[in-house]
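Read the structure below first, then the notes.
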Amino acid sequence: MSSIHEQIDSLRSSFFQDLKNSFSVKDIENLRIKYFGKKGSIQALMQELRHCTPEDRPHLGKLINDLKNDLVSHSDHTFERLLRQETEDRLEKEWIDPTLPGRKSFLGRIHPIHQMMDKVLDVLIGMGFSVRYGPDVDTEHYNFGGLNFASDHPARDMQDTFYLENGWLLRTHTSNVQVHVMEGHAPPIRVVAPGRCFRNEDISARSHVFFHQVEGFYIDRHVSFADLLSTMNDFLSKLLGEKVETRFRPSYFPFVEPGMEVDVRCSACRGSGCRLCKHTGWLEILGAGMIHPNVLKKGNIDPEEYSGFAWGMGIERLVILQSSIPDIRLFTQNDIRFLSQFP
Ligand code: DAH
């Protein structure tokens with residue numbers, strides 16, 4: 001067995017050999033474990049002292065300690081050099097230019113249809129209406145029958161309505177919510193129902209297979225035609241501005257009697273006539289009327305005791321009129337250039 005002196009020499013030379021081959025912080029960490037760890041070479045050499053005579057031990061122990069201190073200081077020195085070098089390399093690679101202009105983050109926006117919907121709902125909620133959402137997929141009863149459409153009414157025609165299987169259909173208007181609400185509630189009822197509607201029409205600049213409406217209705221004792229007119233005036237002036245001018249024209253819808261259409265003074269030409277209003281000076285904005293007694297009866301509400309009014313309006317049309325949108329298809333094409341014009 002070689003002497004402690006020899007072992008110290010060979011440990012020293014193998015250490016420096018290893019140190020020469022250490023090129024990274026990680027290498028030095030491994031080297032430290034190999035030589036100075038609990039199961040490392042220095043510790044193993046210490047164990048060897050057991051075989052020495054008690055007189056030799058202090059002297060040899062000191063030699064091993066000196067060796068350790070020397071090797072530790074060498075490895076520390078190399079460690080620091082490598083760490084500095086690795087840090088510098090990394091900083092160089094991760095160099096950033098603080099003078100570059102910042103990248104603009106893209107802010108999402110609310111779709112113009114929903115902006116308008118929110119505006120309409122805000123006004124009506126402020127007037128005491130509560131919001132109800134009806135189903136998009138419904139039955140003939142809720143979409144037509146309960147609303148006093150005769151069984152041969154042309155609106156029920158396949159050409160207008162998307163019929164699904166087993167008597168289901170895609171609602172053609174939000175008026176279906178009237179029937180649902182009457183079924184579950186007794187008057188007084190004051191509801192506004194926004195939502196998506198579907199009609200089987202050719203898609204063009206002016207019409208689409210789906211669009212959005214807001215339906216409103218009010219049922220109570222002694223609700224009169226005068227209430228309808230004043231509510232419409234109040235609602236439209238809150239929505240479109242205090243100065244809005246309205247016009248009421250008689251019209252026909254199966255679920256109201258009398259029925260009417262409401263126009264507002266053309267915002268583009270202020271009434272003198274232009275392309276937007278087809279030279280009439282007026283823009284048709286909604287349909288309305290006193291709820292037909294048959295509709296109340298079908299909803300289990302006694303028309304002798306209660307009366308009500310209802311109205312419905314298209315949201316796309318409102319946005320088109322207000323922002324002069326040339327093509328209804330723009331609303332569904334998800335073109336950022338279009339959508340970002342509605343901040
Ligand atoms: N549901 C009708 C439509 O889709 C709009 C409408 C007209 C709703 C008159 C009403 C109303 O409540 O009274 O064209």
Side-chain angles (χ1 to χ4, degrees), residues 113 117 120-121 124 127 129 131-136 138 140-150 153-157 159-162 169-182 189-201 206-220 223-233 235-236 246-264 283-296 298-299 301 303 307-318 320 328:
I113 294 297
M117 199 106 110
V120 169
L121 293 184
L124 290 166
M127 290 169 68
F129 288 81
V131 182
R132 291 283 177 279
Y133 296 90
D136 292 5
D138 216 342
E140 267 204 80
H141 168 67
Y142 291 103
N143 197 78
F144 294 125
L147 289 165
N148 197 36
F149 280 79
H153 193 283
R156 295 188 183 218
D157 205 309
Q159 282 156 22
D160 278 317
T161 308
F162 285 113
L169 51 76
L170 298 182
R171 68 169 168 194
T172 59
H173 52 185
T174 43
S175 306
N176 68 330
V177 181
Q178 285 191 38
V179 184
H180 283 282
V181 170
M182 280 184 228
I189 295 171
R190 228 183 309 179
V191 162
V192 52
R196 186 177 273 194
C197 311
F198 307 83
R199 280 182 208 175
N200 194 355
E201 298 193 31
R206 312 201 64 199
S207 67
H208 208 294
V209 288
F210 72 80
F211 49 94
H212 298 77
Q213 285 188 342
V214 170
E215 181 89 6
F217 49 100
Y218 174 38
I219 306 169
D220 202 350
V223 176
S224 69
F225 193 70
D227 293 329
L228 168 58
L229 299 188
S230 68
T231 304
M232 290 302 99
N233 276 332
F235 164 57
L236 290 172
T246 51
R247 179 174 86 167
F248 301 90
R249 279 181 294 112
S251 186
Y252 174 77
F253 303 95
F255 38 92
V256 284
E257 179 59 36
M260 63 186 194
E261 273 163 306
V262 182
D263 301 338
V264 294
L283 298 168
E284 180 195 321
I285 202 121
L286 58 85
M290 299 303 292
I291 297 177
H292 198 291
N294 288 348
V295 174
L296 294 174
K298 282 171 199 264
I301 293 173
S307 54
F309 62 75
W311 79 99
M313 65 202 298
I315 297 296
E316 274 79 357
R317 184 166 165 76
L318 269 180
I320 284 171
I328 195 171

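Both backbone and side-chain heavy atoms feed into the values below; hydrogens, waters and symmetry mates do not. Here the structure is a predicted model, which means the values were calculated and not measured. Whatever order the structure lists them in is the order used to number ligands and atoms, beginning at 1.
A heavy-atom cutoff of 4.0 Å around ligand 1 is satisfied by the protein residues H173, S175, Q178, R199, Q213, E215, F253, F255, V256, G287, A288, G289, A310, W311, G312.
A donor-acceptor contact under 3.5 angstrom links the side chains of N143 and T172, judged on distance only.
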Listed pairs under 3.5 Å, donor-acceptor, residues 285-293 side chains, sequence neighbours left out:
| from | atom 1 | to | atom 2 | distance (Å) |
| --- | --- | --- | --- | --- |
| H292 | ND1 | N294 | N | 3.0 |

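Here the closest non-hydrogen pair linking N176 and L147 is N-CD1, 4.1 Å. Looking at every heavy atom in both residues, E284 comes nearest to D263 through CA-OD1, 3.2 Å.
Every side chain to side chain contact (heavy atoms under 4.5 Å, CB included) that R206 has, sequence neighbours left out, goes to S204, K278. In this view, D136 and R171 satisfy the salt bridge (charged side-chain N to carboxylate O under 4.0 Å, His left out) rule, not counting sequence neighbours.
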